[in-house]
Amino acid sequence: MIELEKAYDPKEAEKNHYERWESSGFFAPEINEDPHAKPFSIVIPPPNVTGSLHMGHALQHTIMDVLTRWKRMQGYRTLWLPGTDHAGISVQRKVVEQLRRDENKKPLDIGREEFIRRAWAWKEQYGNTITEQMRREGASVDWSRHRFTMDESLSTAVRSVFVRLYDEGWIYRGLRIVNWCPKDKTVLSDLEVKEETRKDGKLYYLRYPVAGSDSTITVATTRPETMLGDMAVAVSPSDKRYKELVGKTIDLPLTSRQIPIVADEYVDAEFGTGAVKITPAHDPNDYLVGQRHNLEQQLVMNDDATMNSAAGAEFGGMDRFAAREKVVAMFDELGLLEKIEDHEITLPVCERCKTIVEPILSEQWFVKMDQMRDLALDLMREEGAPRFSPQIPNEKVYTTWLENLKDWTISRQLWWGHQIPAWYDDDGNVFVAMTESEAREKAGGKDIRQDQDVLDTWFSSGLWAFSTFGWDGEATSTPDIETFLPTDVLVTGRDIIFLWVSRMIMLTRKFTGKKAFNDVVVTGTVLGKDGKPMSKSRNNGVDPIEMFDKFGVDATRIYLASIATGADIKWNDIGVETYRNFANKIWNATRFCLMNCENAAVDRASLLIGDDAALADRWIVSRLNKTAIDVSRALERYEFHTAVSLLYHFFWDDFCDWYIELKKDEITAGDAAASTRIVTIIEIALRMLHPFMPYLTEELWQKLPGTGSTLHHAAYRSAGQTIMLTSFPPGDAAAIDETAESEMSAVIDLIKKVRNIRSEMNISPSIKFTIHIAATVDHQAVFNANKAQILKLARADKLIIAADLDVPKASAKAVTGEASIAVPLEGLIDFEKERERLRIQIAKLTEEKSRIDGQLSNSNFVDRAPSEKVRELRDRQVELSSQIETLTANIAALE
RNA sequence: GCCGUCUUAGCUCAGUGGUAGAGCACUCGCUUCACACGCGAUAGGCCACAAGUUCAAAUCUUGUAGACGGCACCA
């Protein structure tokens, strides 16, 4: 006899299996021995090397692992490819900080080469936190195919793509207003800039003197310091107030410069004073106005957002906000400050460091997005690809974003990353090439030096779907590309659909001609207990590792899978606790069977039962198959929560609460057939649960008698024994037995009614009583056949089944759809209480009946509703009438 | 400003054109030989509000209110 601990210990199971799974090669597609096996592939959204596992990862990894394990069990050649992202800015910042802390040095003190060497060292030392955590999660990724975005092959891919896009004119270098982060000292793409609303913002009204007159023109601004770079004041061409002033000149205060007043459609006469200061080098709109009026572009800030020398001697070196105060103070002194108004403003901030981003004019590299966008839009229009789950609202958000796409700033002023493969000669000519020697060749042997910038991290991750399979520009097709591209599904969060998903779709199409993936599963956000996104600053984060320690990996996983696809959810520990309890339930159900299975072993044949088998057996086999079919259907639709709910209720309600209880006597008596069957049912249930709860199911499966590689899917016959390579139960529609299901519900209804009588009449569970049942001949047969089970579960000692009830007055009564029930309770019954109990039941049934009566007396309903629906209601009406009649008579009998 | 999502039991959430569901909490029982991380039995909802479509609306449409998200703009 196998003895299990009384309660499931997740930690024990968690340490027993992962290493063997991994070292046995179970995760790699090569484990599949079937040369004709269909492929199934997922590439992981590569987490940052600086990252550690958060709840969003845990959610996405769970879904990817469920899909991967499920497909693997279905015999697919399955690959879930893991990897990490070099995370340009994040790693750079870590290394800068380390350098400052340990040696009090700045990057420039040690130089680029040494800095990069240290960044690699940092990555080697700290960069595998998350991959170790993924092992704890049970992620069945193929570690032999692990990729890093700065691997040699992936770096070659980056250069190949850059060179080719440049040669085709899809990448260009140009002077534009860009988002500048003064703290990170790099340009950012539009997507890396977030907004922050400041209620304490101010709108400053500054008076500019008109040259050669006493009059002034007032402009309103939220950034007074930029006036030092003003090149004009613009007014609306249709604004009569300023008509006379257009063409005149302004003596720009605090400077010795004169600037024109121009008329431009950009200006909205209704807003502010109707006059706008124009700073072409520090504002995107002003830049465009400047171009239309041939204005000079003068930067007045340095890369750390201090004012530069062009701002004037008084301001040079001063921080932008100090300069703002000083400008305002000086205007005030000059009597040129009209007023200051409170004005709520939204400021652009750096997504990572929250520093206020400064729009500045700068020369950067860009990807032209017009044709690139069409690659993705055409795919959606022509093939409806990718298919988003949930489709609403993701498909529309994605499409709309594409339609309004602007060019993508791809250069970054960092050292850690893929250095841009562009070289310059002394005259500023550009040579883009795979290597320096190629570039020199293009330059005719002249001295050249490489662009100092690196590429946006998302540029390399945009290639992830194919660069990870060995594409590097030279090798453009590899066995893995042939087999695994397009990948089947991408699982990711909403926040990176634009940053990553869309770019991967375009770049994969462009360079391989293939789709990156067929489907996209968009997960929701796991919010903190306060309903806000988890963040360090809010301190509302929940650490998945803590949950693993507290409730177990499996409980955490299946809880995460129980969240509706795409829905946001507030975290609550109780949800995980529910599934911790579920894990314990599974453990104990198995434990019970193992305690009584000396003569048993898993045997599929034990479930091939005929119509003559016991009702409970026919019923559970039916329920098992129905559940299997429904679970597979749910997974195919990416409705993980539906699958979880089906499994939870099948296992707990059907199997534990009813089947085990019904079979208990046979099992404990050592009935070999019963033990074999129940062990076989558990084995199949464990397989269905395995993708969600890999550790628990493997732990128990290994203990079940008769399990082994003979149960493996045909594609994995030579592999060492493991539940993860058994076949996922497909369910057999022919095994669904509607007769058994309806007969069983008649039995269950009956038992529940008797239990209700016991509970409401306050009869102690230890008291056994007699049950009288009146039913049709057919149902009499059903109840007779299950007499022993009814007696046991209703805690009765005698069952009298007949066509009519023949009982003493002192009886408690009830009705089901199939039976009238009476329990004689001489001396135990409280007549008034019993009458009240019956009245409540009658009231409920009457309420339902009057609703149905109403519907059936509505000729519109009878004429127009589907006839089946009408018949259904008529049947119900008859049943209700009869039940009400019986209960009413029961009350009368008590008077 | 534009686009979109959400509002269901005390809490956290499923669900659906045709009798409102789960888990937890609550109430009442239970040392029933797998499990108290358990077993049994109750109670608890005009499915945010209003109008419309329909034989039928919690579900579809429109509007209102509240919560939230994305994008754009912000002199």
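Chain identifiers are assigned alphabetically (A, B, ...) following the order of the sequence lines, protein sequences preceding nucleic acid strands; residue numbering begins at 1 within each chain.
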Taking 4.0 Å as the cut-off, does a side-chain nitrogen or oxygen of [X] come that near to OP1 or OP2 on [N]?
X       : N      : answer
K664(A) : A34(B) : yes
K792(A) : G40(B) : no
N581(A) : G38(B) : yes
H641(A) : G15(B) : yes
N756(A) : U42(B) : yes

* Structure fact -> Judged by nearest nucleotide, the residue sitting upstream toward the 5' end of RNA chain B, K532(A) or D268(A), is K532(A)
For the [atom1] atoms, the ones on [N] and on [M], what distance do you get once it is rounded to whole angstrom?
N      : M      : atom1 : value
C39(B) : U7(B)  : C1'   : 37 Å
C2(B)  : A25(B) : C1'   : 43 Å
G40(B) : U32(B) : P     : 14 Å
G45(B) : C33(B) : C1'   : 41 Å

* To do: Would you please say whether a donor-acceptor pair under 3.5 Å links the side chains of W652(A) and D654(A)?
  =>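 No, no side-chain donor-acceptor pair sits under 3.5 Å.
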* Asked: Are T226(A) and K277(A) linked by a side-chain donor-acceptor pair shorter than 3.5 Å?
  -> yes
* To do: Looking only at side-chain atoms of K396(A), point me to the closest of A34(B), A41(B), G4(B).
  => G4(B)
* **Side chain of E661(A) - closest among C35(B), C74(B), C73(B)** =>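 Among the listed nucleotides, the one closest to the side chain of E661(A) is C35(B).
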* Asked: Can you tell me how far P of C73(B) sits from CG of L347(A), to the nearest Å?
  ->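 In whole Å, C73(B) P lies 14 Å from L347(A) CG.
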* Asked: Within 45° of the six-membered ring axis of F592(A) and under 6.0 Å from that ring's centre, is NZ or CZ of K664(A) located there?
  -> yes
* To do: Please confirm whether F582(A) and Y648(A) have ring centers closer than 6.0 angstrom.
  =>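 Yes - the distance between ring centres of F582(A) and Y648(A) falls below the 6.0 Å cut-off.
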